[in-house]
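So you know, we letter chains A, B, ... as the sequences are listed, proteins then strands, and number each from 1.
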Amino acid sequence: AQSVTQLGSHVSVSEGALVLLRCNYSSSVPPYLFWYVQYPNQGLQLLLKYTSAATLVKGINGFEAEFKKSETSFHLTKPSAHMSDAAEYFCAVSGSARQLTFGSGTQLTVLP
Amino acid sequence: DGGITQSPKYLFRKEGQNVTLSCEQNLNHDAMYWYRQDPGQGLRLIYYSQIVNDFQKGDIAEGYSVSREKKESFPLTVTSAQKNPTAFYLCASSIDHYKNIQYFGAGTRLSVL
């Protein structure tokens, strides 16, 4: 079985501040991990992926995430938030069944 | 440009009616997926297909049906047996089911009249 927990359904940051979105997973096998972003009434866009190579993964739009096996975490960060980062973010895990299991999402608000 | 096309963008269903959502991809991907998205619940897998003429039920298949007659097409039918069909439906594809790096279409929003 595999599962994903995203801590905080809503996160607000000021423009220029650090963005930190938390994701913890469980998987019975070494997982593949993903972060996706969704803008209103649109599909999901892949931000970055971890597939058992480097533990620090860089993605698009200045985002990065670090795979920490000991903490079963894959938190998403960006050093400086931009207004255009306001969206919903989903963490997902692919485990033994090779099906994606998604977290319930974190809505990011960026304050001017 | 390669991508995944979902149509229509908005769809309305009358009581007792079956409706079909279209999903087409020109990425030459083997695997395709249908998800349902409800507010605050993330995405839930309805059906997936690893190869032409084969498909598997996901977590919430009841009231839905699919076909995979062509590699590029994976239509989803929402039948009258689905009593709560109002949701945002997302189609995705991946080069293969093992790597499972999925790319998504823009979605279809289904509402009940």
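Taking the six-membered ring where tryptophan is involved, the planes of A:Y32 and A:F34 are perpendicular, since the angle between them exceeds 60° and thus also 30°.
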Output side-chain donor-acceptor pairs under 3.5 Å for residues 73-82 of chain B, partner residues at least two apart or in another chain, one line each.
| residue | atom | partner | partner atom | Å |
| --- | --- | --- | --- | --- |
| B:S73 | OG | B:E24 | OE2 | 3.0 |
| B:T77 | OG1 | B:T20 | OG1 | 3.0 |
| B:T79 | OG1 | B:G63 | O | 3.0 |
| B:T79 | OG1 | B:A81 | N | 3.2 |
| B:Q82 | OE1 | B:N84 | N | 3.0 |
| B:Q82 | NE2 | B:E62 | O | 3.1 |

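Judged by distance alone, the side chain of A:N24 and the main-chain N or O of A:E71 form a donor-acceptor pair under 3.5 Å.
For a residue to count as touching a neighbouring chain, one of its non-hydrogen atoms must lie under 4.5 Å from one of that chain's; by this rule A:L46 touches chain B with the side chain only. Residue contact with chain A, scored on non-hydrogen atoms closer than 4.5 Å, involves the side chain of B:Q37 exclusively. B:L45 touches chain A through its side chain: at least one heavy atom from C-beta onward sits under 4.5 Å away, while N, CA, C and O do not. Heavy atoms of A:Q107 lying under 4.5 Å from chain B are absent altogether.
With contacts defined as side-chain heavy-atom distances shorter than 4.5 Å, the pair B:L11/B:R109 does not qualify.
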